[in-house]
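Bear in mind that the values here come from a model prediction, so they are computed numbers and not experimental data. All heavy atoms count here, side chains included; hydrogens, waters and symmetry mates do not. Naming: A, B, ... by sequence-line order, numbering from 1 per chain.
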Amino acid sequence: MPELPEVETTRRGIEPFLHNKQIKSVQVHNSSLRWPVPNTITRLADARVQHVSRRGKYIVLTNKLGSAIIHLGMSGSLRIDKQTIPKRKHDHVELLLANKHVVRFHDPRRFGCFLWHEGPVEEHPLLAKLGPEPLANQFTGEYLFTATRKRNVPIKTLIMNSQVVVGVGNIYASEALFMSGIRPGKAAKRLSRREADALCKQIRDVLQKSIEKGGTTLRDFINSDGEPGYFAQSLFVYGREGEPCQTCKTPIKKTVMAQRSTFYCSACQS
DNA sequence: CTAAATACCTGATGGC
DNA sequence: TGCCATCAGGTATTTA
């Protein structure tokens with residue numbers, strides 16, 4: 001599921017149920033996620049949740065003892081259920097709340113994680129080396145231009161590198177490059193300053209607009225209210241191989257880059 | 001240092 | 001209907 005807009009949509013969905021709330025208990029049904037869920041995760045229930053935050057695609061739940069670091073991987077979701085609703089297959093972790101609700105972490109492929117860290121969460125190894133947030137002021141055309149210098153990787157691969165900028169996943173990488181008129185396979189170091197400016201702006205715009213619309217739905221994304229999102233219909237190139245470009249009618253091409261499907265218009269993008 | 005390959009896992013889909 | 005191959009929104013880690 002998760003591109004950054006879905007993660008932010010999820011964060012906003014669970015925040016009202018967790019902010020300043022006391023979790024009654026943490027129940028781990030299957031600890032074999034990408035890394036084992038530690039036994040210390042129960043400390044999440046030992047003090048009120050002070051913050052429900054996000055860094056890149058990581059959702060962070062913080063109390064005075066430490067932080068839960070949650071990632072949804074490829075197929076994960078967090079949702080709010082009534083405790084009377086039976087948990088489903090692949091509901092690996094549950095946070096039982098006082099008000100008869102439960103937060104359920106669901107992840108069929110188990111590429112996600114649910115870790116516990118004590119001390120400043122930004123110092124956790126998974127977070128320490130992350131690049132800027134795409135919607136933060138530090139993410140500028142100048143920054144992106146500098147980051148592309150001497151880099152021979154395809155620009156699509158570069159913008160998906162979380163050490164350069166966080167939160168740009170496979171869907172929105174293709175979309176932002178289309179909106180910028182830049183071919184995904186172009187070597188990063190060949191970008192002009194003007195192209196870097198445009199790409200920065202389009203990354204910000206596509207993510208911001210998607211967050212506003214509540215996230216893209218593909219396959220099994222369920223937002224925290226249990227309702228699917230509804231943004232897939234406004235993608236321009238992703239998943240549209242062979243369909244006419246909405247700008248020039250040229251059929252959209254599909255290629256593979258760093259083992260990921262990549263879509264672009266050979267006429268509009270250079 | 002960079003870049004590419006590999007690893008983790010289940011489920012949906014399409015061809016035969 | 002069943003079986004098999006292929007693909008899927010992520011990213012840390014290993015290898016070159």
| remark: The Watson-Crick or G-U wobble partner of B/dC9, with both key distances under 3.5 Å, is none
| field | Ring-on-base stacking B/dC9 with A/Phe111 (under 5.5 Å, under 30°) | value | no
So, [X] and [Y], do they make that salt bridge, N to O below 4.0 Å?
X	Y	answer
A/Glu142	A/Arg193	no
A/Arg79	A/Asp91	yes
A/Glu8	A/Arg11	yes
A/Glu195	A/Arg190	no

[X] [atom1] - [N] [atom2] separation (whole Å):
X	N	atom1	atom2	value
A/His71	C/dT11	NE2	C1'	7 Å
A/Leu33	B/dT10	CG	C1'	13 Å
A/Lys89	B/dC9	NZ	C1'	12 Å
A/His92	B/dC8	NE2	P	17 Å
A/Met257	B/dA5	CE	P	13 Å
A/Arg149	B/dT2	CZ	P	15 Å
A/Tyr172	C/dT11	OH	P	14 Å
A/Met74	B/dA7	CE	P	16 Å

Where the side chain of [X] is defined as all heavy atoms beyond and including C-beta, which of [options] is the nearest nucleotide?
X	options	answer
A/Lys57	B/dT2, C/dA8, C/dT11	C/dT11
A/Lys254	C/dA12, C/dT11, C/dA8	C/dA8
A/His90	C/dA8, B/dG11, C/dG10	B/dG11
A/Pro108	B/dT6, B/dT10, C/dA8	B/dT10
A/Tyr58	C/dA12, B/dG11, C/dG10	C/dA12
A/Gln259	B/dT6, C/dA12, B/dA4	B/dT6

| request: Could you give the distance separating C/dT14 and B/dC9 at their P atoms, to the nearest angstrom? | output: 16 Å
| How would you label the contact of A/Arg260 with the nucleic acid (heavy atoms, under 4.0 Å): base, sugar-phosphate, or nothing? | base
| request: On the 0 to 90° scale, with breaks at 30° and 60°, tag the A/Phe105-A/His92 ring pair as parallel, tilted or perpendicular. | output: tilted
| Position toward the 5' end of DNA chain B (nearest nucleotide), A/Arg109 or A/Asn152 | A/Asn152
| Under 4.0 Å: is that the gap between some side-chain N or O of A/Arg34 and OP1 or OP2 of B/dC9? | no
